[in-house]
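Here is the structure we will look at, set down as structure tokens.
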Amino acid sequence: GTLYYSGDFDPEGLQIGLRLHERYSSSFYPWFFDRQAYTAAPAGTPLTLDQRQTLSNLITPWDKMLPAAILKRGTVVYQESLVEEMIASFS
């Protein structure tokens, strides 16, 4: 089977995605959890200094430039802001 994961675009969401990717790599699918989804979503709250530091050390194998895109934009995006697009993807 396939494990679809869509998380918040913040360090914690990416870290959860990394753990799932490590554990279920052959089944892991980042659903609305890449640079394209992040940049298309409305900007959220500004990143804190701690979040910036954590993101600068993360590597996301499914989209290696995702942490850099979040750092460049400088805001967290919560997955709830993508619900309409997620629902539309089923049509």
Side-chain angles (χ1 to χ4, degrees):
T2 302
L3 172 67
Y4 292 84
Y5 176 72
S6 179
D8 293 331
F9 292 97
D10 64 4
E12 296 79 14
L14 268 60
Q15 289 169 329
I16 292 167
L18 282 168
R19 285 193 294 276
L20 291 170
H21 182 270
E22 288 168 4
R23 187 168 186 174
Y24 305 104
S25 61
S26 61
S27 300
F28 177 82
Y29 181 80
W31 187 57
F32 287 88
F33 200 55
D34 56 16
R35 254 177 313 163
Q36 181 179 349
Y38 173 75
T39 57
T45 58
L47 292 167
T48 66
L49 182 57
D50 285 345
Q51 287 175 317
R52 287 183 171 280
Q53 290 173 334
T54 301
L55 283 169
S56 68
N57 293 314
L58 289 180
I59 298 170
T60 50
W62 63 90
D63 186 338
K64 293 188 187 331
M65 297 305 296
L66 178 57
I70 298 171
L71 285 167
K72 181 178 179 184
R73 188 175 185 189
T75 63
V76 170
V77 168
Y78 297 106
Q79 63 181 329
E80 295 87 288
S81 66
L82 296 168
V83 169
E84 288 182 24
E85 290 83 358
M86 292 172 167
I87 292 169
S89 76
F90 291 112
S91 331

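In what follows, every heavy atom counts, from backbone to side chain, and hydrogens, waters and symmetry copies are set aside.
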Quick check for you: to the nearest 0.5 Å, what is the distance between [X] atom [atom1] and [Y] atom [atom2]?
X   : Y   : atom1 : atom2 : result
D10 : T54 : CG    : OG1   : 10.0 Å
F33 : Y5  : CZ    : OH    : 5.0 Å
S27 : H21 : OG    : NE2   : 10.5 Å
R23 : L3  : CZ    : CG    : 10.5 Å
Q36 : L66 : CD    : CG    : 12.0 Å
K64 : L58 : NZ    : CG    : 13.0 Å

Any side-chain heavy atom of [X] within less than 4.5 Å of one from [Y]?
X   : Y   : answer
T75 : Y38 : yes
W31 : M86 : yes
D8  : E80 : yes

V77 and M65: same hydrophobic cluster, using ILVMFWY side-chain contacts below 4.5 Å?
no

Are Y4 and F9 linked, directly or through intermediate hydrophobic residues, by side-chain heavy-atom contacts shorter than 4.5 Å (ILVMFWY only)?
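Same cluster: F9 reaches Y4 through Ile, Leu, Val, Met, Phe, Trp or Tyr contacts under 4.5 Å.
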
Does D63 reach the main-chain N or O of R35 with its side chain, forming a donor-acceptor pair under 3.5 Å?
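Side chain of D63 to backbone of R35: a pair is present.
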
Using the ring centroid of each side chain, check whether W62 and Y24 are separated by less than 6.0 Å.
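Not close enough - the centres of the two rings lie 6.0 Å or further apart.
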
Of all heavy-atom pairs linking P67 and L14, the shortest is CG-CD2, 4.0 Å

